[in-house]
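Heads up, the thing below is written out as structure tokens.
Each chain gets a letter, A, B and so on, in the order its sequence line appears, and its residues count up from 1. These numbers were taken from a predicted model, which means no experiment stands behind them.
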2 protein chains.
Amino acid sequence: MDRSLQERLKPVLAEARSEKGRRLPSERELMTRFGTTRITLREALNALEAEGRVYRENRRGWFVSPPRLRYDLLACLPFHEMVRSQQRSARTLLLSAEEVSAPAVVARRLGIAEHAPVYRICRARLVDERRVLYVEHHLLPSCFPQILEFDLARESLTELYRREYGIRVGRVSYELGTCVLSSAGADALNAVRGSPAQRISRINHDQNGRAIDCDDEYWRHDAIELTLSAAPQGGEAIRTS
Amino acid sequence: MDRSLQERLKPVLAEARSEKGRRLPSERELMTRFGTTRITLREALNALEAEGRVYRENRRGWFVSPPRLRYDLLACLPFHEMVRSQQRSARTLLLSAEEVSAPAVVARRLGIAEHAPVYRICRARLVDERRVLYVEHHLLPSCFPQILEFDLARESLTELYRREYGIRVGRVSYELGTCVLSSAGADALNAVRGSPAQRISRINHDQNGRAIDCDDEYWRHDAIELTLSAAPQGGEAIRTS
DNA sequence: CCATCCAGCTGGTATAGACCAATTGAGCCA
DNA sequence: TGGCTCAATTGGTCTATACCAGCTGGATGG
């Protein structure tokens, strides 16, 4: 990777940042402007993408990344509230909501039999009109009968749980890791299949500790920074050395 | 990206997994074996790297990734214990331990003036002899005088805090995100500068809530999966919709 | 005024070949 | 036996070119 090419691209990013579309010039234009080839240029852009400085939309072009959203795992704020509290705009698109048979992973997490019926809700979420998050929810139908008939694009699921079903979320279990976008995720985010992503999987339990639903969030990796603050568990204050 | 090339590479990974070095054949051999060019082959390998299936060591070659280590953020187990509890072997290399003047970020996190003296400890950590983690610690000298004289490669820092200074870690604040390895990190992990990484930054406070040290962990992104389980804070059980 | 169509542009993917730099292992020497 | 040198090998980076596929926006037609 030609490090100086990355450096030489930075003024281009600065310029794009101040344009309204935050869009970079086309690869071919940059290539000639910097006197290099498309392959070399794309390597530099890929490196900047890995750093989280630029991102691309499938076959549309390259854009400079906005500042990351801060996401407090323990605050458990609904998405729209979290986003608005950071002076950004939020929007949700409902992609699908249907009954499906539980995939193995979901069945294991919810403690039900594989292929048992579950409700699956897929949504895309936008921050400042940029698609940054693809979520798949799987709900236990026994807990939430007829939930698919509500307006799932506007309502917070937790709010529905509480208001319509009298269920409050108790313990939450997270699993986090880096991954790449599946084709469904890539389609939802206008991204290229295989783009790096941050996965946040969660299992929600009710007041009695029973798993009621789980969801998998796939964030564009440059869009968030996770935070978390806690006192050590179990009295003994040992930590990683 | 030729998806079928990635698919066709999978048997190669399976074969490499069973070899003792877990090493893939050289790029040039794979290129001729699959009748393609090096650039195309490398794109496929990069995609597999993003998926966490393979990784590379700088100028040494490609390797299949071992299973991810599970890292419970709230368990706060010392590294060696965490690794051994998962039937893997752990080792730590001390890279440097010295007094430096606090960089702006560190100063802010520790609540001290920029350029105030701090102790910096840099270590590389291995799991099953693979370098997976580069850590930079910054300690408040006022809390830990002469700590640099201990055997920092073998001792758990927290254990030292407790035994030698009577300090226990109270509240811990995390900040997580994806990033790429700096050159120091890449060197420490035998990685290529710019490899994708998972950052885990932490600020440790003592029993009285005063920041005593902070550290930045940079993990090879395919090496870990983070877990976390908690009940919502503040009574109200609201969660992201 | 709105829906449709299509050309042009953009990124996505691929081929072919070349030189550089670090690693590594074989072979040599003390 | 142990350390050193050096050549082969491997990945790192780059040039040059080509065709495909999807998005986009302007022209067209109802």
*asked:* Please determine whether a side-chain nitrogen or oxygen atom of B:Thr36 lies at a distance below 4.0 Å from atom OP1 or OP2 of C:dT15.
replied: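 Yes, because at least one side-chain N or O of B:Thr36 sits under 4.0 Å from OP1 or OP2 of C:dT15.
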
*Can you check whether B:Thr40 has a side-chain N or O nearer than 4.0 Å to OP1 or OP2 of C:dT13?*
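For C:dT13, neither OP1 nor OP2 has a side-chain N or O of B:Thr40 closer than 4.0 Å.
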
Check whether any side-chain heavy atom of [X] lies under 4.5 Å from a side-chain heavy atom of [Y], and answer yes or no.
| X | Y | result |
| --- | --- | --- |
| A:Ser201 | A:Arg109 | yes |
| B:His138 | B:Asp215 | no |
| A:Asp72 | A:Leu226 | no |
| A:Asn46 | A:Glu49 | yes |
| B:Thr178 | B:His221 | no |

*Any idea how A:Phe63 and A:Tyr55 line up, ring-wise: parallel (<30°), tilted (30 to 60°), or perpendicular (>60°)?*
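Geometry flag for A:Tyr55 against A:Phe63: parallel rings.
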
*Counting only N and O atoms by type, is there a donor-acceptor contact under 3.5 Å from the side chain of A:Glu27 to the main-chain atoms of A:Arg42?*
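Looks like no, no N/O pair under 3.5 Å.
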
*Report yes or no: does A:Asp128 contribute a side-chain atom to a donor-acceptor pair with the main-chain N or O of A:Arg130 at less than 3.5 Å?*
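Not confirmed, A:Asp128 side chain does not pair with A:Arg130 backbone.
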
*Quick one: do A:Arg202 and A:Glu217 satisfy salt bridge (charged side-chain N to carboxylate O under 4.0 Å, His left out)? Show the steps, please.*
CA-CA 8 Å; A:Arg202 178 167 41 197; A:Glu217 301 186 352; 3.1 Å; yes

*A:Glu43 side chain: which of C:dT15, D:dG11, D:dC14 is closest?*
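Selected nucleotide: D:dC14.
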
*asked:* Need one value for A:Arg42: base, sugar-phosphate or nothing, where a base atom within 4.0 Å counts as base even if backbone is also close, heavy atoms only.
replied: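 Base contact.
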
*How long is the line joining CG of A:Leu45 and C1' of C:dG11, in whole Å?*
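Distance check: A:Leu45 CG to C:dG11 C1' gives 11 Å.
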
*How close or far is atom C1' of D:dA8 from atom CD of B:Glu29, stated in whole angstroms?*
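To the nearest whole Å, that distance equals 16 Å.
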
Restricting to nitrogen or oxygen on both sides, can you table the protein-nucleotides 5-7 of chain C pairs closer than 3.5 Å?
none

*Ring centre gap for A:Tyr134 and A:Trp219 strictly below 6.0 Å*: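 A:Tyr134 vs A:Trp219: aromatic centres not under 6.0 Å.
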
Where do N or O atoms of nucleotides 16-21 of chain D meet protein N or O atoms at under 3.5 Å, pair by pair?
from	atom 1	to	atom 2	distance (Å)
D:dA21	N3	A:Arg59	NH1	3.1

_Using a 4.0 Å cut-off on heavy atoms, which residues in residues 126-134 of chain A reach DNA chain C? List them by number, or say none._
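Correct list: empty, so none.
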
*asked:* Determine whether B:Arg84 and B:Glu81 satisfy the following criterion, salt bridge (charged side-chain N to carboxylate O under 4.0 Å, His left out), listing intermediate values before the conclusion.
replied: CA-CA 5 Å; B:Arg84 294 211 184 98; B:Glu81 273 184 47; over 6 Å; no

*For A:Asn58 and B:Arg56, take the nucleotide of DNA chain D holding the closest heavy atom to each; which residue's nucleotide lies nearer the 5' end?*
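Counting from the 5' end, the first nearest nucleotide belongs to B:Arg56.
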
